[in-house]
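Just below is one structure, and these are the notes that go with it.
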Amino acid sequence: MMKFRLPMILATMLFAASAAHAQVDIANPWVRATVSEQKTTGVFMKITSKADAKLVSVRTALAGRTEIHEMAMEGDTMKMRQIPNLPLPAGATVELKPGGLHIMLFELTAQAKEGDTVPLTLVIETGGKQETVEVSAAVRPLKKPAHH
C-alpha cells in the first residue's frame, strides 16, 4: 500500500514546487490605443513576483517585435531606451506606466482599437528557468487611467 502513496506524495510535492516558480501576479494590463497606420504602441501593467525573477521578453501576434524599455535622464534630456530584462524583486510591485518602465510593440500587424483586448505572453525567468504567463490586456486611450 505504501508504494502507491509515495509516488502520489512525491508528484504532489513536485507540482507544488514547480507552481512556486510561476507565482507572478499581473494587475491592470493595458495597451495604448493607436490610430490607423500607426506602427508602435506601449504596454503597461503592474507585476508582482513572489520570488526574485525577471521579465526577459514579451510575445504577441499584434507586433512583429517587442522590447522592454525604460525612461532615463541623460544629462538634461529624458530618453527612452531598451533594457535586456526587467528585474522583479520578490514581494515588490514593479509598475510599467507611461513615462516610466514599459513594453514597446513595434511593427504592429493591426490597429489597437479602444475596447479590444490584446493577448500577450510574458516570459519570466526565475532561478534560471523560464516560464510563460499569458495576459489579456485591454486597449485604452492614453488619457484614461489604467484602473477603469
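Everything quoted here is computed from the prediction, not taken from an experiment. Counting from 1, the numbers follow the sequence of the chain as shown.
Residues Leu105 and Ala63 share a closest heavy-atom pair of CB-CB, 3.8 Å. Of all the heavy atoms in Val94 and Pro87, the pair that sits closest is CG2-O, 3.8 Å. Annotation for Pro119 and Thr117: closest pair CD-O, 3.9 Å, computed over non-hydrogen atoms. Nearest heavy atoms, Ala61 versus Thr109: O-OG1, 3.0 Å. Minimum heavy-atom separation, Arg140 to Pro29: NH1-O, 4.0 Å. In plain terms, the two heavy atoms of Ser49 and Ala51 that are nearest each other are OG-O, 2.5 Å.
No option in Glu70, Met71, Glu74 other than Glu74 meets the side chain to side chain contact (heavy atoms under 4.5 Å, CB included) test with Lys79. Just one of Thr41, Val43, Val135, Thr60 meets the side chain to side chain contact (heavy atoms under 4.5 Å, CB included) condition when paired with Val118; it is Thr60.
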Apply side-chain contact (heavy atoms from CB on, under 4.5 Å) to the pair Leu101 and Ile83, showing each step before the final yes or no. CA-CA 10 Å; Leu101 295 166; Ile83 55 176; 4.3 Å; yes
Evaluate the criterion salt bridge (Lys or Arg N to Asp or Glu O under 4.0 Å) for residue pair Asp25 and Lys46; output intermediate values, then yes/no. CA-CA 8 Å; Asp25 294 318; Lys46 293 179 181 179; over 6 Å; no
Test Leu55 against Ile103 for side-chain contact (heavy atoms from CB on, under 4.5 Å), laying out the working first. CA-CA 10 Å; Leu55 174 65; Ile103 298 162; 4.2 Å; yes
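Ion pairing of Glu131 with Lys129 is absent here, as no side-chain N (NZ or NE/NH1/NH2) approaches a carboxylate O to less than 4.0 Å.
Remark: Thr121 engages Arg59, Thr132, Glu134 in a side chain to side chain contact (heavy atoms under 4.5 Å, CB included) (not counting sequence neighbours).
With values rounded to the nearest 0.5 angstrom, Ser57 atom OG is found 12.0 Å from Leu86 atom CG. Between the CG atom of Leu96 and the CD1 atom of Ile68 there is a distance of 8.5 Å, given to the nearest 0.5 Å. Separating the CZ atom in Arg81 from the NE2 atom in His69 is a distance of 11.0 Å, to the nearest 0.5 Å. Arg32 contributes atom CZ, which lies 6.5 Å from atom CD of Gln38 (distance to the nearest 0.5 angstrom). Here NZ of Lys97 is found 11.5 Å from CZ of Phe44. Values are rounded to the nearest 0.5 Å.
Hydrophobic cluster membership differs between Leu62 and Val123, with clusters built from Ile, Leu, Val, Met, Phe, Trp and Tyr side chains linked at under 4.5 angstrom. In terms of hydrophobic clustering, with Ile, Leu, Val, Met, Phe, Trp and Tyr side chains grouped at heavy-atom distances under 4.5 Å, Val56 and Met45 are assigned to different clusters.
Counting only distance, with no hydrogens or angles, the side chain of Glu125 and the backbone of Lys54 share no donor-acceptor pair below 3.5 Å.
Sequence neighbours left out, the pairs with a member in residues 82-93 that pass side chain to side chain donor-acceptor pair (under 3.5 Å) are Thr48-Thr93.
Atom NZ of Lys113 has 12 or fewer neighbouring heavy atoms from other residues, nucleotides or ligands inside a 6.0 Å radius.
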